[in-house]
Structure formats: structure tokens, C-alpha cells
Amino acid sequence: LSNQHAGAIKFINEQGRVYIRETSFISCSSSFQSAALYVNGRVNPNDPNSRYDDYYYTTKCEITYCCFNNCSGHTCGFVSKIVSKTIILNNNYLLDCKTLFNNNGYASLYIQGNQVSSEYLNLTKIKGSYTSGILLAKTTNASFQFQTCVEHSSRCLTSSISPSKGQYY
């Protein structure tokens with residue numbers, strides 16, 4: 001159980017690019033923030049309680065053929081928080097992940113980017129307090145195809161907040 005931003009990978013680099021491929025994250029956990037991944041241009045000083053106030057992005061984050069199994073974290077992005085100009089998620093699986101302490105697990109995947117693309121994302125047996133799936137925060141363009149969502153426990157599966165008005169959709 002980590003007490004850092006991420007239980008597995010913390011990538012902080014405003015000009016950086018991160019590629020994570022063919023990796024299994026099994027039983028990763030963080031009592032502070034994200035169970036598996038924390039990707040951001042800079043560490044947000046308001047984390048773990050920040051929502052929609054990340055202003056520094058990495059250049060690109062690409063996650064392909066990865067499995068997140070039995071991961072547990074805290075607050076926004078309790079499995080992963082990704083703040084990047086370009087985000088690509090392809091052929092990824094989240095299985096049996098949950099928020100710790102049955103509290104502020106606001107979204108399993110907190111995604112904030114200008115261009116977001118996701119294909120073949122499987123979300124199965126995710127337990128969160130608000131969004132068990134994806135929270136798109138201030139995302140300008142997003143494309144999602146071939147998503148599978150099974151046995152969720154939360155108020156909603158996916159939500160989005162407008163980049164300019166701070167409104168939920």
C-alpha cells in the first residue's frame with residue numbers, strides 16, 4: 001500500500017511522453033491517490049482532492065494492452081489519473097478495482113486531455129462512489145469505440161465536465 005500519488009508508476013514531466021505497453025498491474029494500491037498510474041505535467045499541490053484544476057500537461061500518454069486487476073486507490077482517478085495533451089488507451093482491461101475506505105473514489109479513470117482516443121476498453125466489476133468508469137475532465141475532443149462495461153457499482157458509469165463552463169454531462 002503506497003502513500004504516494006501512485007502505487008505503481010508516477011510520471012511527472014511537462015514536456016514528456018510516456019508509453020506503457022503490455023503491462024499487468026495486479027493488486028496495486030495507494031492510500032493517497034491512484035492505485036496504478038499518476039501521469040501529469042506537474043504534481044498538483046491540491047491532490048488528492050483536486051478536480052479539474054490541473055493546468056500542466058504531459059505531451060502524450062499511450063497505454064496499450066495493459067491489465068489493471070484488483071487495484072484500489074483514493075479520490076479522483078482511484079485506478080489512474082492521466083493529465084496529458086494526447087491520451088491513447090487501446091486494448092486495456094480494468095477488473096475488480098475499487099476505491100479504498102468506501103469513500104471518495106470519485107472516478108476509476110480520471111482523464112484530462114485535449115485529444116483522447118480509446119478503443120477496446122473493458123471495465124468489469126468496478127466499485128466507486130461517483131463514477132465507476134471514466135471521468136473526462138476538460139477534454140476537448142474524445143473518441144471511444146468498443147467499450148465493455150459489466151457489473152459496476154456507483155452513481156454513474158461515465159461522466160464529462162465541460163472545458164469552459166465547469167458543467168457535467
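If you're wondering where the values come from, they're calculated on a predicted model, not measured in any experiment.
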(message) Counting only heavy atoms not in Glu22 (residues, nucleotides, ligands), do more than 12 fall under 6.0 Å from its CD?
(response) no

(message) Can you see whether Thr64 engages Asn90 through a side-chain donor-acceptor pair at a distance of less than 3.5 angstrom?
(response) no

(message) With clusters defined by side-chain heavy atoms of hydrophobic residues (ILVMFWY) lying less than 4.5 Å apart, directly or transitively, does Ile111 cluster with Val18?
(response) yes

(message) Please determine whether residues Ile87 and Ile9 belong to a single hydrophobic cluster, defined as Ile, Leu, Val, Met, Phe, Trp and Tyr linked transitively by side-chain heavy-atom distances below 4.5 Å.
(response) yes

(message) Could you measure the distance from the OG atom of Ser72 to the CG atom of Asp96? Nearest 0.5 Å is fine.
(response) 10.0 Å

(request) Rounded to the nearest 0.5 Å, what's the gap from CG on Leu95 to CD1 on Ile26? Could you check? (result) 10.0 Å

(message) For Phe144, is the CZ atom crowded, meaning more than 12 foreign heavy atoms sit under 6.0 Å from it?
(response) yes

(message) Looking at Glu62 and Arg17, is there a salt bridge between them, counting it only when a charged N and a carboxylate O are closer than 4.0 Å?
(response) no

(request) Write down the atom of Gln4, the atom of Ser30, and the distance for their closest heavy-atom approach. (result) O-OG, 2.6 Å

(message) Let me check something: do Tyr38 and Leu94 share a hydrophobic cluster, defined by ILVMFWY side-chain heavy atoms less than 4.5 Å apart, either directly or through other members?
(response) no

(request) Kindly give the heavy-atom pair with the smallest separation between Gly73 and Ala35, and that separation in Å. (result) N-CB, 3.9 Å

(request) Could you tell me whether Lys125 atom NZ has more than 12 heavy atoms of other residues or ligands within 6.0 Å of it? (result) no

(message) I'd like to check Lys98 versus Asn70 (side-chain heavy atoms, cut-off strictly below 4.5 Å). Are they in contact?
(response) yes

(request) Please tell me if the side chains of Leu37 and Phe68 come closer than 4.5 Å, counting only heavy atoms from C-beta onward. (result) yes

(message) In the structure I gave you, are the side-chain heavy atoms of Lys60 and Tyr19 within less than 4.5 Å of one another anywhere?
(response) yes

(request) Check Leu136 against Ala142 and note the closest heavy-atom contact, atom names and distance. (result) CD1-CB, 4.3 Å

(request) Locate the shortest heavy-atom distance separating Gly77 from Ser34; write the atom from each residue and the value. (result) O-OG, 2.7 Å

(request) Would you mind reporting whether Tyr65 and Arg21 have side-chain heavy atoms less than 4.5 Å apart? (result) no

(message) Run the side chain to side chain contact (heavy atoms under 4.5 Å, CB included) test on Lys138 and Tyr55 for me, step by step, so that the C-alpha distance in whole Å, both residues' side-chain angles and the decisive distance to 0.1 Å come before the verdict.
(response) CA-CA 10 Å; Lys138 299 182 180 180; Tyr55 303 106; 4.0 Å; yes

(request) Could you check if a side-chain atom of Thr86 sits within less than 4.5 angstrom of a side-chain atom of Tyr57, using non-hydrogen atoms only? (result) no

(request) Could you give me the CA-CA distance, side-chain angles and deciding distance for Tyr56 and Val83, then say whether side chain to side chain contact (heavy atoms under 4.5 Å, CB included) is met? (result) CA-CA 8 Å; Tyr56 303 98; Val83 180; over 6 Å; no

(message) With a 4.5 Å cut-off on side-chain heavy atoms, are Asn69 and Tyr93 touching?
(response) no

(request) Considering non-hydrogen atoms only, spot the tightest contact between Gly7 and Ser2 and give its length. (result) CA-CB, 3.8 Å

(request) Evaluate the side-chain proximity of Phe11 to Ile20: yes if any heavy-atom separation is below 4.5 Å, no if none is. (result) no

(request) Give a yes or no on whether the ring-centroid distance for His74 and Phe32 is below 6.0 angstrom. (result) no

(request) Side-chain contact test, heavy atoms from C-beta onward, threshold under 4.5 Å: evaluate it for Leu109 versus Leu121 and give yes or no. (result) yes

(message) Nearest 0.5 Å, please: how far is SG in Cys61 from NZ in Lys85?
(response) 14.0 Å

(message) Tell me whether Thr59 contacts the main-chain N or O of Gln15 through its side chain, where contact means a donor paired with an acceptor under 3.5 Å.
(response) yes

(message) If I compare all heavy atoms of Cys97 with all of Val79, which pair ends up nearest, and what's the gap?
(response) CB-CG2, 3.6 Å

(request) Hey, could you give me the SG/CG distance between Cys66 and Asn92, rounded to the nearest 0.5 Å? (result) 5.5 Å

(message) Rounded at 0.5 Å granularity, tell me how far CD in Glu119 sits from CD in Gln147.
(response) 8.5 Å

(message) With a 3.5 Å distance limit and no angle check, can you tell me whether His5 reaches the backbone of Lys81 through a side-chain donor-acceptor pair?
(response) no

(request) Give a yes or no on whether Tyr120 and Leu89 share a hydrophobic cluster (residues Ile, Leu, Val, Met, Phe, Trp, Tyr; joining criterion: side-chain heavy atoms under 4.5 Å apart). (result) no

(message) As an exercise, state the distance from NZ of Lys127 to OG of Ser108, rounded to the nearest 0.5 Å.
(response) 13.5 Å

